[in-house]
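Sharing a structure with you now.
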2 protein chains.
Amino acid sequence: MSHVKRRAESQRGPEPIRRTARGALKREKILDAAAKVIARRGYTGTTLSEIAEEVGSAGAGSLYHHFESREHLVEEVLRRGVQVAFEQSRRAIAALPAAAPPLERLNAAIRAQMLSVLVVSDYARATGRTTGQVPVEVWARVNADFRRYGRFYDRLIAAAMDAGEIDPKIDRSALRMLVIGAINWAPEWYRKDGTSSAEEIADLLVRFVTRGVAIRKPDR
Amino acid sequence: MSHVKRRAESQRGPEPIRRTARGALKREKILDAAAKVIARRGYTGTTLSEIAEEVGSAGAGSLYHHFESREHLVEEVLRRGVQVAFEQSRRAIAALPAAAPPLERLNAAIRAQMLSVLVVSDYARATGRTTGQVPVEVWARVNADFRRYGRFYDRLIAAAMDAGEIDPKIDRSALRMLVIGAINWAPEWYRKDGTSSAEEIADLLVRFVTRGVAIRKPDR
DNA sequence: GTCTATAACCGGATAGAC
DNA sequence: GTCTATCCGGTTATAGAC
């Protein structure tokens with residue numbers, strides 16, 4: 001202990017026993033497996049046995065050498081989930097021309113979020129599915145990350161309103177949550193061999209926000 | 001037994017031991033409690049103890065006099081959930097003027113479905129939250145009900161397309177599931193004391209789907 | 001450091017007293 | 001018909017062998 005102690009440790013609670021490079025690698029594999037299982041089963045449905053089996057090598061109780069408890073393991077998966085989605089959104093926005101109008105930036109974020117959940121990352125998928133299932137204690141610890149991401153979205157919407165691109169009378173929070181809901185639910189029904197690709201689904205959702213699916217009568 | 005045996009019993013498996021009026025009443029109370037708990041915890045998070053506690057009077061194992069197993073209890077909650085939402089949708093459509101265009105009928109159904117999960121019924125809420133968590137065996141038995149409801153929605157969309165009110169190039173299934181997702185997710189974040197009422201949220205979703213929230217540039 | 005055995009616990013389900 | 005005591009299986013977590 002003492003001066004080598006990581007910043008992360010004091011910020012977000014202990015991340016136990018990660019001494020060697022090999023150990024860190026194993027830790028990653030466990031996290032990946034956990035993300036996959038949680039994405040499949042949800043929080044309450046996830047058992048350590050199934051995670052262990054997914055890892056391949058280990059038996060159930062081996063995980064405790066890398067994680068203090070089931071809750072700590074889940075917690076890190078959730079944290080990474082938001083992180084991935086957040087990162088994808090920021091990256092997508094950064095890829096736009098600097099002069100891109102706010103609404104286009106919002107659209108890019110929505111697209112990125114949908115793709116994160118559908119194809120990019122088990123972590124994002126796990127996180128989306130899990131919200132509202134985790135015990136308050138865990139939630140309290142990851143809450144801040146979620147809120148930060150929420151505010152990010154909210155600013156994108158607000159900017160589009162300020163620019164006169166979105167009706168300012170709309171409840172920003174409700175708008176955001178409706179979109180997030182459609183996204184978080186998507187893994188439940190999306191099939192790789194379905195009629196629409198993930199990109200097409202993302203585009204459809206964006207179209208919802210911008211102009212809807214109705215055909216405008218020629219005049220009036 | 002013998003000739004009094006209900007049709008329902010042969011159709012959907014046994015509904016055990018409901019002889020007296022008082023018994024039937026208790027059965028209802030248990031179902032209501034189960035719906036409430038499932039809406040709160042999801043399928044995997046629901047325990048018989050919590051349901052019993054919610055009922056008030058009973059201890060955990062008492063439920064077995066009214067239901068063959070946990071799964072059967074859940075199954076009936078699910079079935080009722082679809083039924084309620086379905087019924088609400090049909091009723092809302094029936095309340096429209098007979099000449100109402102297809103798109104308006106679809107909108108009424110969306111509104112009704114949103115209100116079902118937000119304010120009308122624990123059953124509808126429970127059902128929305130649970131999909132995709134239940135074991136395949138249970139799912140297989142309620143599947144038909146869900147599909148029927150899905151087809152109902154699909155026909156509404158198709159009719160609006162035929163009438164030239166919705167862009168026919170859109171993937172009907174994806175459209176439906178995005179909407180359902182936004183609805184099923186809503187109970188997760190909706191608060192009675194929030195900035196928008198349930199009705200306003202329902203209206204926002206309808207607007208979303210039909211014309212989007214963006215402001216149309218005057219020309220072009 | 002990794003794994004197996006096992007302890008402690010909890011949830012679903014059954015039996016039988018009242 | 002209702003409730004309590006109890007069994008059984010599965011889950012988290014720990015101890016200790018290798």
Side-chain angles (χ1 to χ4, degrees), chain A residues 13-34 37-38 40-78 130 133-135 137-138, chain B residues 1 13-34 37-38 40-78 130 133-138:
Chain A
E15 297 179 358
I17 317 150
R18 175 178 36 174
R19 303 239 170 77
T20 71
R22 188 182 299 270
L25 214 58
K26 181 77 176 224
R27 202 183 128 92
E28 284 307 307
K29 291 187 70 170
I30 294 175
L31 278 164
D32 287 353
V37 174
I38 295 173
R40 192 159 56 220
R41 305 279 187 205
Y43 171 76
T44 35
T46 295
T47 67
L48 293 181
S49 331
E50 191 167 354
I51 294 174
E53 192 180 353
E54 183 73 39
V55 168
S57 57
S62 310
L63 308 174
Y64 285 88
H65 243 271
H66 301 275
F67 297 92
E68 199 176 310
S69 71
R70 186 187 114 118
E71 287 197 356
H72 280 79
L73 171 52
V74 172
E75 186 182 327
E76 191 161 340
V77 170
L78 294 189
T130 301
Q133 287 188 28
V134 300
E137 194 193 47
V138 176
Chain B
M1 31 182 118
E15 298 178 357
I17 318 150
R18 175 179 35 173
R19 303 237 171 79
T20 72
R22 191 182 296 270
L25 214 59
K26 182 78 176 224
R27 202 183 128 92
E28 284 308 305
K29 289 188 71 169
I30 294 175
L31 279 164
D32 287 353
V37 174
I38 295 173
R40 193 159 56 220
R41 306 279 186 206
Y43 171 76
T44 37
T46 294
T47 67
L48 293 182
S49 331
E50 191 168 353
I51 293 174
E53 193 180 353
E54 183 74 39
V55 169
S57 57
S62 311
L63 307 175
Y64 285 88
H65 246 271
H66 300 274
F67 296 92
E68 199 176 310
S69 71
R70 185 185 114 119
E71 287 196 356
H72 280 78
L73 171 51
V74 172
E75 186 182 326
E76 192 163 340
V77 171
L78 294 189
T130 301
Q133 287 187 28
V134 300
V136 285
E137 194 193 48
V138 176

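Naming: A, B, ... by sequence-line order, numbering from 1 per chain. None of the values given here were measured: they were computed from a predicted structure.
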With rounding to the nearest 0.5 Å, note down the distance linking CD in E75(A) to CD in E68(A).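 The distance works out to 10.0 Å.
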
Whole-Å distance between dT11(D) P and E71(A) CD? 17 Å

Which atom pair, heavy atoms only, marks the closest approach of A33(B) to I51(B)? CB-O, 3.9 Å

Over all atoms of both residues, closest heavy-atom pair of K29(A) and V55(A): O-CG2, 4.1 Å

Pairs under 3.5 Å (N/O, protein and nucleotides 3-11 of chain C):
none

Distance check needed: dG12(C) C1' versus Y43(B) OH, whole Å only.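 Atom-to-atom, Y43(B) to dG12(C), this comes out as 11 Å.
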
Heavy-atom closest pair, residues H66(A) and R27(A): O-NH1, 3.3 Å

Take the protein atom CD1 of I30(B) and the nucleotide atom P of dG1(D), then report the distance between them rounded to whole Å. 13 Å

Check the distance between dT12(D)'s P and L63(A)'s CG and give it to me in whole angstrom. 9 Å

For a side-chain contact (heavy atoms from CB on, under 4.5 Å) with F67(A), tell me which candidate from V74(A), I30(A), L48(A) qualifies.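 Answer after filtering V74(A), I30(A), L48(A): I30(A).
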
Roughly, in whole Å, what's the span from CZ in F67(B) to P in dT2(D)?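 Between P of dT2(D) and CZ of F67(B): 12 Å.
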
Write out a two-atom table: protein N or O, nucleotide N or O from nucleotides 6-8 of chain D, distance below 3.5 Å.
none

Shortest non-hydrogen contact between V138(A) and L78(A), atoms and distance: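 In this case the closest contact between V138(A) and L78(A) is CG1-CD1, 4.4 Å.
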
May I ask you to evaluate whether H66(A) reaches the phosphate of dG1(C), defined as a side-chain N or O under 4.0 Å from OP1 or OP2? no

Measure across T130(A) and Y43(A) and return the closest heavy-atom pair with its distance rounded to 0.1 Å. CG2-CB, 3.5 Å

Indicate the atoms forming the closest heavy-atom contact of R70(B) with Y64(B), along with that distance.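 Looking at all heavy atoms of both residues, the closest pair is N-OH, 4.5 Å.
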
side-chain contact (heavy atoms from CB on, under 4.5 Å) partners of A52(A), counting only residues at least two apart: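 Residues passing side-chain contact (heavy atoms from CB on, under 4.5 Å) with A52(A): none at all.
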
d(CZ, R27(A); P, dT2(C)) in whole Å: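 Whole-Å distance recorded here is 13 Å.
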
Looking only at side-chain N and O atoms, does Y64(A) come under 4.0 Å of OP1 or OP2 in dT14(D)? no

Would you mind reading off the distance between E53(A) atom CD and dG10(D) atom P, rounded to a whole angstrom? 14 Å

